[in-house]
2 protein chains.
Amino acid sequence: MDMVDFKEILKTKNLKATHQRLAILETMDSLGHVDIEYLYELLLDKYPTLSKATIYRNLKELIAIDIISEVKIPDMPTNYEINKIPHVHLVCKICNKIEDKIVNTKHLIDEATKEMHYKIETSNISLIGVCPKCLDKQS
Amino acid sequence: MDMVDFKEILKTKNLKATHQRLAILETMDSLGHVDIEYLYELLLDKYPTLSKATIYRNLKELIAIDIISEVKIPDMPTNYEINKIPHVHLVCKICNKIEDKIVNTKHLIDEATKEMHYKIETSNISLIGVCPKCLDKQS
DNA sequence: GTGTCTGCAAATTATTTGCACGTTG
DNA sequence: CAACGTGCAAATAATTTGCAGACAC
């Protein structure tokens, strides 16, 4: 299905496909959203000598070349995700899970820019509440 | 116009109306959005002995009692704002200005939760692009 | 082989905390 | 005057940087 060839992508950006870098991308791809601490923990299993400096450096580089982005949500550590089609984040404040949902935002942007004359290029939308699973547990 | 009585508000929350605390609130109120560094700089003029610890502590307390909130936007330091009617943030990536715009988000939330069965409680929306002033300068 | 990347340690920056003293109500 | 809040310094946490050796191509 979701066979992204990160080696190829890195090559086109003139970055070497090191094990660490690929592992970062693959972990992010499979998890969807990760924060630095958790990413580090996970990768330590596979690369016991992995340095946090490597993670910080790589995340910055990957952001700079537009392969990943920061996901900033109030009261949560910054998360990171692989760039894909623009989408909205559904955030559960009970279990802290983040899900993606593709939504048409044209309507919203039109209304927001009406009389404001901004030229909007990207949008960053998080909807925060309770996910179905946690709703069930509550009742 | 916008005569918010922070002393009153603090009293109802059992917080003392110290000069520092009031100055933080008033500065935030007049600027709309500030980050910690800038807030500290500004207040130093008026309170040369002001400690950053005081700012950190106060921002946390004011968040806890729901008077202010964090505004997190990718590639920007965390900003803080006085809580008001829910709104969208229009962000200029050239001059870094943040403006508020009140927009009806019902449509968006309905579409986003369709088949997702989340119960959304708050939303956090930033629309990022170029403001009218910077658009003018570019052309 | 050569330029890029990594790990490590040290440096810097950001945030939190303890405590003695000052201020608010 | 009794909390509570502040400033300062020290502690902790987060992020960045310099450098020598390792790895990708």
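Chain letters run A, B, ... following the sequence lines, proteins first, then strands; residues in each count from 1.
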Next item on the list: Take atom CG of A:Leu22 and atom C1' of C:dT4, then tell me their distance rounded to the nearest Å.
Entry: 14 Å
Next item on the list: May I have the distance from A:Leu44 (atom CG) to C:dG7 (atom C1'), rounded to whole angstrom?
Entry: 12 Å
Next item on the list: For the residue pair A:His89 and A:Glu81, confirm or rule out a side-chain donor-acceptor distance under 3.5 Å.
Entry: yes
Margin query: With a 4.0 Å cutoff (strictly under), does any side-chain N or O of B:Thr54 reach OP1 or OP2 of D:dG7?
Written below: yes
Margin query: Just to be sure I understand the rule, does A:Asn58 reach a base, reach only the sugar-phosphate, or reach nothing, if contact means heavy atoms closer than 4.0 Å?
Written below: sugar-phosphate
Next item on the list: Assign a letter to each nucleotide of nucleotides 15-25 of chain C from its 5' end: B, base within under 4.0 Å of a protein heavy atom; S, sugar-phosphate only; -, no contact.
Entry: SBBB-----BS
Item checked: Atom NZ of B:Lys101: over 12 foreign heavy atoms under 6.0 Å -> yes
Checklist line | Sub-4.5 Å side-chain heavy-atom contact between B:His107 and A:Leu108 | finding: no
Item checked: Protein-nucleotide distance (B:Tyr40, atom OH; D:dT6, atom C1'), rounded to Å -> 13 Å
Notebook entry, point to check: Quick one: bend of the helix from C:dG1-D:dC25 to C:dG25-D:dC1 from 5 pairs per end, to 10°?
Noted result: 50°
Note to self: If the cut-off is 4.0 Å, is B:Thr49 near the phosphate of D:dG7, judged by side-chain N/O to OP1 or OP2?
What the structure shows: yes
Notebook entry, point to check: Looking at side-chain heavy atoms only, is the closest gap between A:Tyr118 and B:Pro132 below 4.5 Å?
Noted result: yes
Next item on the list: Compare all side-chain heavy atoms of A:Asn124 with those of B:Pro74 and state whether any distance is below 4.5 angstrom.
Entry: yes
Check: Heavy-atom distance under 4.5 Å between the side chains of B:Ile73 and B:Asn79, does that happen here?
Finding: no
Item checked: Lys/Arg N to Asp/Glu carboxylate O, A:Asp100 vs A:Lys84, below 4.0 Å -> yes
Note to self: Can you measure B:Glu61 atom CD to D:dG5 atom C1' for me and round it to whole angstrom units?
What the structure shows: 8 Å
Item checked: A:Tyr38 OH - D:dA14 C1' separation (whole Å) -> 21 Å
Next item on the list: Please report, rounded to the nearest Å, how far the P atom of D:dT6 is from the CG atom of B:Leu59.
Entry: 11 Å
Notebook entry, point to check: Would you call A:Glu70-A:Lys60 a salt bridge at under 4.0 Å N-O?
Noted result: no
Item checked: Nearest-Å distance for atom pair CD/P, residues A:Gln20 and C:dC8 -> 11 Å
Check: Nearest-Å distance, CG (A:Leu39) to P (D:dT15)?
Finding: 13 Å
